[in-house]
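Numbered from 1 within each chain, the chains take letters A, B, ... in sequence-line order. The basis for the numbers below is simple: all heavy atoms, side chains too, and nothing from hydrogens, waters or symmetry mates. Computed from a predicted structure; not experimentally measured.
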Amino acid sequence: MRLNSFIHFRNCSSSASQPFFSIATHTQLTASSPCFSSLIHQCTPTKNLSDLKIVHTHLVKNGFCHLSLGHKLIDSYLKCGSMSDARRLLDEMPEPHIVSWNSVISAYASQNRSGEAVELYGRMVSEGVLPDEYTFSSVFRAFSRLGVVLEARRAHGLAVVLGLETSNVFVGSALVDMYAKLGEMRDARSVCDRVWDQDVVLLTALIVGYAQKGEDVEALEVFSDMVRKGIRPNEFTFSSTLVSCANFGDAKVGESVHGLMIKLGYVSAVASQTSLLTMYSKFGMVKESSRAFNALENPNKITWTSLIVGLIQNGKEETSLLKFRKMMRSSAKPNSFTLSSVVCACSRLAMLDTGRQIHALATKYGLDWRNYVGTALIDMYGKCGTPDQARSVFDALVEADLVSMNSMIYSYALNGCGGEALDLFYTMRDLTSLELNDMTFLGVLLACNNSGLVEEGQRIFTYLREKTDIKVSSGHYACMVDLLGRSGRLVEAEMLVNQVKNPDAVLWRTLLSACRIHRAVKMAERVWTKVLELAPGDEGTHILLSNLYASTSNWSQVIAMKSTMRDMRLKKGPAMSWVEIDREVHTFMAGDFSHPESEKILGKLGELIRKAKSLGYIPDTSFVLQDMDEDKKETSLYYHSERLAIAFALWRTSDKTTCIRVLKNLRVCGDCHTWIKFVTVAVGREIIARDSKRFHHFKNGSCSCGDYW
DNA sequence: TTAGGGTTAG
């Protein structure tokens, strides 16, 4: 059979799946060069690598190994996805044509095999083959991916010598992109200015560089220059320009770019719509943002993620989770960006069950070991009161970095695990090469604070001030003031505040609340005026002082404070507690019986109070901050929001649910704290309560905070 | 018979 008729046979054969090999070995092939060319060509569209290799073998056998067929084979191997065969062939060729070099270099560069691209480029040059415009436009990308500035500059020099830097816009834009990615914007700019025939790709590469470096004014200038010069921006240009508009922060500028986008007809392009929705989210313009999303027929995973991120940034965490579920039903599948964002939503809402579900999803997608998702999970488990689970995610990380270690320390801090936080802090400081930052110290000082480790906290604070270059923030001072103040060292705490250059209202308020705990009325009155100077309309400040007067039974002052607050139209925000059951959130306010199951809840609450009393619970009415008779005081304690939430959770869940979790927007009062301890004994269940500052883990009649909070 | 630019995160 002659080869031509063979090809015909292959095309017509109904048994097309029959391997080429079995036929070919039984066939005496006598063919000419054009026939081989045609055979090679035939293998390419179907990516039939095994057939291609057979053709290659016969080609060698028949001695048709000349240049032009060599190019075709290399090209075909690349198109069939076999880099190794293409490379082997190139290496075997005595003097490959420039096109063959370029094809392999380009394939390496576009498949993220930058090292090999650069190595091959070097070999090509050392063998005396001069690179051309195709070589440069591929290889520059590889240089920037590797971050090798010196080698990149040497190749740039060669391009200049060969006159390709300014005359070929492909080379020019590859150079601009390379310098931009290397962070060398001045070089990117000067190359761009030298290119003779500027086009949209060249200028977009420059805008991208500026936008990613946060040099937004420059990015916007290039954009407007480009429009002035009559170069039409496209989808890619808009997507980066809008990033700069968002960072620049002027909605008017953003809207005018949006206007131009509409005028030029880019209303349904995915990338530019994605940047548009991100921009509007950053401006807090949620409606415009969702309009940008809705303009797309097939949003991709980046668009979905941007939508979710935008909702979270605008405090719409619950909606973001609904959108995530919708995304999961669509064809777009989440990546690590998406998952770390939704985990963040769960951690803000403290939705442990949902967070766990997403953790499982991350494991399914094989993403849970990645630092971003991992760190988000550590944060979530920490904020949901399960530091042990945070730790197991932490231990599973391939490599813990600064942020993940900081998150772990912070999780320990929130949950009152001072010892564990300190261990990790010292490991980090003494046994790793990580450079500690302000967040590290904030976490570890908070940990000392939440565990009452005064000496340890002072030692670390001194270390921070004397041995590091980290700027001591008002947050660090606040931790120390709180730590000293709550432990009763009010004078030292006040001295520390006075050491700060311009102490802010938060710092003074921290001291004020320490005064309240220790009923230091005189200091409180002095501090109170300081807070009011800095934050005159702050309701919390008035409440603090009013509570101090109440706790010292100074009712006339309480009444005076209340009338001041009324005059200033300040109102105390309501105390609120909530629980997540079956991925649904139930909210309770003190003395509020509007829950549909209110009767059942009150029944359960009564039972819990009786049981607690039989175990020795005596209500401490000094926590009632209103002047009323004792009976009423006692009843008002019973209906605190956290008690309603606990009663509800215990009624709704079976005994098999060993642990229930309650969240509160304010701090837990002392009497509730005692009562919850009794409840854990009475029902044999564990109760975790998160207040505005930290977690309390109640178990077998005691709390993890050691009654220090 | 080969070439250049984009949007999301702890």
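Here dT1(B) presents its C1' atom at 13 Å from CD of Glu133(A), a figure rounded to the nearest Å. A straight line from CG of Asp379(A) to C1' of dA9(B) spans 13 Å, rounded to a whole angstrom. As rounded to whole Å, 11 Å separates atom P of dT8(B) from atom CG of Leu242(A). Distance CD (Gln313(A)) to C1' (dA9(B)): 10 Å, rounded to an integer number of Å. Leu206(A) has its CG atom 14 Å from the C1' atom of dG4(B), to the nearest Å. Nucleotide dT2(B) holds its P atom 6 Å from the NZ atom of Lys79(A), rounded to whole Å. One interatomic measurement links the two molecules: NZ of Lys213(A) to P of dG5(B), which rounds to 20 Å at whole-angstrom precision. Distance OH (Tyr134(A)) to P (dG4(B)): 11 Å, rounded to an integer number of Å.
The side chain of Asn234(A) lies closest to dG5(B), out of dT8(B), dT7(B), dG5(B). The nucleotide whose nearest atom lies closest to any side-chain atom of Phe236(A) is, among dG4(B), dG5(B), dA3(B), dG5(B). The side chain of Thr274(A) lies closest to dT7(B) when the candidates are dG4(B), dA9(B), dT7(B). In the set dT2(B), dG10(B), dT8(B), dT8(B) carries the atom at the smallest distance from any side-chain atom of Phe337(A). You'll find that the side chain of Ser336(A) is closest to dA9(B), out of dA9(B), dG10(B), dG4(B). In the set dG4(B), dA9(B), dT1(B), the nucleotide with an atom closest to the side chain of Val99(A) is dT1(B). When each of dG10(B), dG4(B), dG5(B) is scored by its nearest atom to the side-chain atoms of Tyr372(A), the top-ranked nucleotide is dG10(B). Among the nucleotides dT7(B), dA3(B), dT2(B), the one closest to the side chain of Asp75(A) is dT2(B). Among the nucleotides dT2(B), dG10(B), dA9(B), the one closest to any side-chain atom of Ser404(A) is dG10(B). Comparing dG4(B), dT7(B), dA9(B) by their nearest atom to the side chain of Ser137(A) picks out dG4(B).
Counting non-hydrogen atoms under 4.0 angstrom, Asn406(A) reaches nothing in the nucleic acid. Counting non-hydrogen atoms under 4.0 angstrom, Asp401(A) reaches a base of the nucleic acid. In this structure, Val201(A) reaches the bases: a heavy-atom distance under 4.0 Å links it to at least one base atom across the strands shown. Here Leu202(A) lies in heavy-atom contact (under 4.0 Å) with a base. Val169(A) comes within 4.0 angstrom of a nucleotide base, judged by non-hydrogen atoms across all strands. Residue contacts for Ser407(A): at a heavy-atom cut-off of 4.0 Å it reaches no nucleic acid atom on any strand shown. Residue Val208(A) is classed as a sugar-phosphate contact, given heavy-atom separations below 4.0 Å to backbone atoms only. Looking at heavy-atom distances under 4.0 Å, Val176(A) makes no contact with the nucleic acid at all. Nucleic acid contact class of Thr303(A) (heavy atoms, under 4.0 Å, all strands): none. In this structure, Ser103(A) reaches the sugar-phosphate backbone alone: every heavy-atom distance under 4.0 Å involves primed, P, OP1 or OP2 atoms, never a base. Base engagement by Glu235(A) is indicated by at least one non-hydrogen atom pair under 4.0 Å involving a base atom.
Looking at Asn314(A), its side chain does come within 3.5 Å of a backbone N or O of Gly310(A) through a donor-acceptor pair. Proximity of a side-chain donor or acceptor of Arg232(A) to a complementary backbone N or O of Leu264(A) within less than 3.5 Å is detected. A donor-acceptor contact shorter than 3.5 Å links the side chain of Ser289(A) to the backbone of Leu277(A). Checked by atom type and distance alone, the side chain of Ser404(A) never pairs as donor or acceptor with a backbone atom of Ala400(A) at under 3.5 Å.
For dT8(B), neither phosphate oxygen OP1 nor OP2 lies less than 4.0 angstrom from any side-chain nitrogen or oxygen of Lys301(A). Distances shown here put every side-chain N or O of Ser341(A) at or beyond 4.0 Å from the OP1 or OP2 atom of dA9(B).
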- [ ] Evaluate side chain to side chain donor-acceptor pair (under 3.5 Å) for Ser473(A) paired with Asp438(A), printing each intermediate quantity in order.
- [x] CA-CA 8 Å; Ser473(A) 72; Asp438(A) 55 335; 5.9 Å; no
- request: For side chain to side chain donor-acceptor pair (under 3.5 Å), just list the numbers for Thr440(A) and Asn437(A), CA-CA rounded to whole Å, side-chain angles, deciding distance to a tenth of an Å, and then say yes or no.
  value: CA-CA 5 Å; Thr440(A) 322; Asn437(A) 69 0; 3.0 Å; yes
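Contacts classified as salt bridge (Lys or Arg N to Asp or Glu O under 4.0 Å) and involving residues 331-350 of chain A (residues at least two apart or in different chains) are given here: Glu317(A)-Arg348(A). The list of salt bridge (Lys or Arg N to Asp or Glu O under 4.0 Å) pairs with a residue in residues 161-172 of chain A, not counting sequence neighbours, reads Glu165(A)-Arg194(A).
Taking the six-membered ring where the residue is Trp, Phe283(A) and Tyr280(A) present perpendicular rings, their angle passing 60° and hence far from 30°. The aromatic rings of Phe337(A) and Tyr372(A) lie parallel to each other, with less than 30° between the two planes, well short of the 60° mark.
Within residues 177-187 of chain A, the residues that place at least one heavy atom under 4.0 Å from DNA chain B are, in residue-number order, Asp177(A), Lys181(A).
The base of dG4(B) sits within donor-acceptor range of the side chain of Ser173(A), with an N or O pair under 3.5 Å.
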